[in-house]
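Order of the sequence lines fixes the chain letters, A, B, ..., with proteins taken first and strands second; residue numbering starts at 1 for each chain. Treat the numbers as computed from the prediction; the structure is a model and nothing was measured.
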Protein chains: 2
Amino acid sequence: MDILRELRESGLKVTIPRLRILQLFQEGTIKHLSADDVYKLLLAEKIDVGLATIYRVLMQFAEAGILFRRHFESGHAVFELNEGQHHDHLVCTGCGKVDEFVDEGIELRQNEIAAERGFVLHEHALSLYGTCAECTAKKIPPRRA
Amino acid sequence: MDILRELRESGLKVTIPRLRILQLFQEGTIKHLSADDVYKLLLAEKIDVGLATIYRVLMQFAEAGILFRRHFESGHAVFELNEGQHHDHLVCTGCGKVDEFVDEGIELRQNEIAAERGFVLHEHALSLYGTCAECTAKKIPPRRA
DNA sequence: CTGTATGCAAAATCTTTGCAGCCTG
DNA sequence: CAGGCTGCAAAGATTTTGCATACAG
């Protein structure tokens with residue numbers, strides 16, 4: 001199993017919480033999960049786990065490069081699988097849906113801008129906030145800033 | 001005074017805390033301030049103010065469109081003056097310095113991307129994280145994710 | 001005067017840490 | 001069997017809310 005290898009290569013012991021958490025992300029049903037989301041999902045599976053463990057595991061996964069930690073405007077962190085391919089986010093403020101995209105042109109300009117200012121870029125986050133087609137149809141108003 | 005008008009137009013009474021907070025941002029010495037930054041600055045000015053008031057005022061200013069509320073990777077919110085001109089951020093993870101930029105090409109692509117997906121865009125945030133020239137010279141390593 | 005705004009303290013969130021015992025390798 | 005891992009509870013950090021009093025208009 002590929003999950004096992006990923007854990008071992010990070011020097012992490014294979015435990016029930018780690019396995020289940022990683023599986024949750026790899027299933028891909030919901031790509032962006034907060035610590036609390038994960039907690040609730042595991043409890044629903046009758047897995048006896050503490051929130052503290054979730055936070056510790058998510059942090060370790062992020063440090064190991066297995067997951068990314070994102071901060072949308074929500075005030076709390078959400079995690080998503082690192083699938084190699086970098087991408088940016090399009091967040092619907094109506095229903096919370098998160099869409100992903102990549103744009104080569106934008107990536108290039110970012111590097112140019114950083115270079116012009118003498119910055120060595122090691123990460124970037126582009127998030128677009130809007131109302132998706134369904135929410136527009138339902139006339140759900142843009143969330144206030 | 002222009003500050004007074006801005007407050008009155010938002011239907012907010014002109015009080016010492018509001019005046020001082022708005023002045024802090026308009027002075028522009030530091031463009032991005034957290035609630036706690038503002039609190040400390042006001043205390044240093046011998047102004048008797050509570051943290052709760054700062055949060056309330058910052059929130060009201062953000063709702064009135066006077067300030068923007070940003071979430072960089074720090075886990076807490078920072079505010080900056082709404083100077084009309086939209087811009088994005090280049091954050092140094094070494095010293096915390098925040099640089100600003102605008103790129104017409106990126107703006108255009110963002111709108112196209114949103115349109116392609118049926119989103120009505122009402123906001124976006126692009127933050128580049130890197131190491132600035134000075135920190136690179138001092139060999140300050142990129143902060144871990 | 002009237003309704004807002006404020007300071008203080010308590011509560012609510014989200015996240016991290018300490019600790020004794022459990023489990024993987 | 002040793003060291004890492006876990007759950008629980010407590011502590012931290014940031015932000016919000018309740019309430020009586022103070023102040024702007």
In whole Å, what is the span from the CG atom of A/Asp37 to the P atom of C/dT13?
-> 15 Å

Would you indicate, yes or no, if C/dT4 has its OP1 or OP2 atom less than 4.0 angstrom from a side-chain nitrogen or oxygen of B/Arg18?
-> no

Round to a whole Å and report the spacing from CD1 of A/Ile54 to P of D/dC8.
-> 12 Å

Name all pairs fulfilling the salt bridge (charged side-chain N to carboxylate O under 4.0 Å, His left out) condition that reach into residues 41-52 of chain B, sequence neighbours left out, sorted by first residue then second.
-> B/Arg20-B/Glu45

Would you kindly give the CD-to-P distance between A/Glu73 and C/dT13, to the nearest whole Å?
-> 20 Å

Taking side-chain contact (heavy atoms from CB on, under 4.5 Å) as the test, write out the residues that go with A/His89, two or more places apart.
-> A/His32, A/Arg70, A/Phe72, A/Glu80, A/His87, A/Val91, A/Val98, A/Glu100, A/Ser127

Are the aromatic ring centres of B/His86 and B/His124 under 6.0 angstrom apart?
-> yes

Identify the two heavy atoms, one from A/Phe79 and one from A/Ala62, that lie closest to each other, and give their separation to 0.1 Å.
-> CE2-CB, 4.3 Å

Would you give a per-nucleotide map of nucleotides 20-25 of chain D, 5' to 3', where B means the base has a protein non-hydrogen atom under 4.0 Å away, S means only the sugar-phosphate does, and - means neither?
-> ----BS

Expressed in angstrom and rounded to an integer, what is the separation of B/Arg20 atom CZ from C/dG7 atom P?
-> 14 Å

In whole angstrom, give the distance that lies between atom CG of A/Leu19 and atom C1' of D/dC5.
-> 13 Å

How is the base pairing of DNA chain C summarised as a dot-bracket string, given the Watson-Crick and G-U wobble criteria with both distances under 3.5 Å, [ ] for crossing and | for another strand?
-> |||||||||||||||||||||||||

Are any non-hydrogen side-chain atoms of B/Glu6 and B/Gln26 less than 4.5 angstrom apart?
-> yes

Which pair of heavy atoms, one from A/Leu121 and one from A/Ala114, lies closest together, and at what distance?
-> CD1-CB, 3.8 Å

Value for CD (A/Glu83) from CD1 (A/Ile66), rounded to nearest 0.5 Å, stands at 13.0 Å

Send over the distance from B/Asp48 CG to C/dA5 P, rounded to a whole Å.
-> 18 Å

Electrostatic pair B/Arg69-A/Glu73, nearest N-O below 4.0 angstrom = no

In whole angstroms, how far is the C1' atom of D/dG3 from the CD atom of A/Gln60?
-> 14 Å

Check whether more than 12 heavy atoms from other residues, nucleotides or ligands sit under 6.0 Å from atom CD1 of B/Ile16, and answer yes or no.
-> no

Mind checking whether B/Ile47 and B/Leu41 have side chains closer than 4.5 Å, heavy atoms only?
-> no

Produce a footprint string for nucleotides 14-20 of chain C: one letter per nucleotide, 5' end first; B if the base is under 4.0 Å from any protein heavy atom, S if only the sugar-phosphate is, - if neither.
-> SBBBB--

Qualifying ring-ring contact (aromatic ring centres under 6.0 Å, His included) pairs with a residue from residues 48-69 of chain A, counting only residues at least two apart or across chains = none

Specify the separation, in whole Å, of atom CD of A/Glu9 and atom P of C/dG25.
-> 14 Å

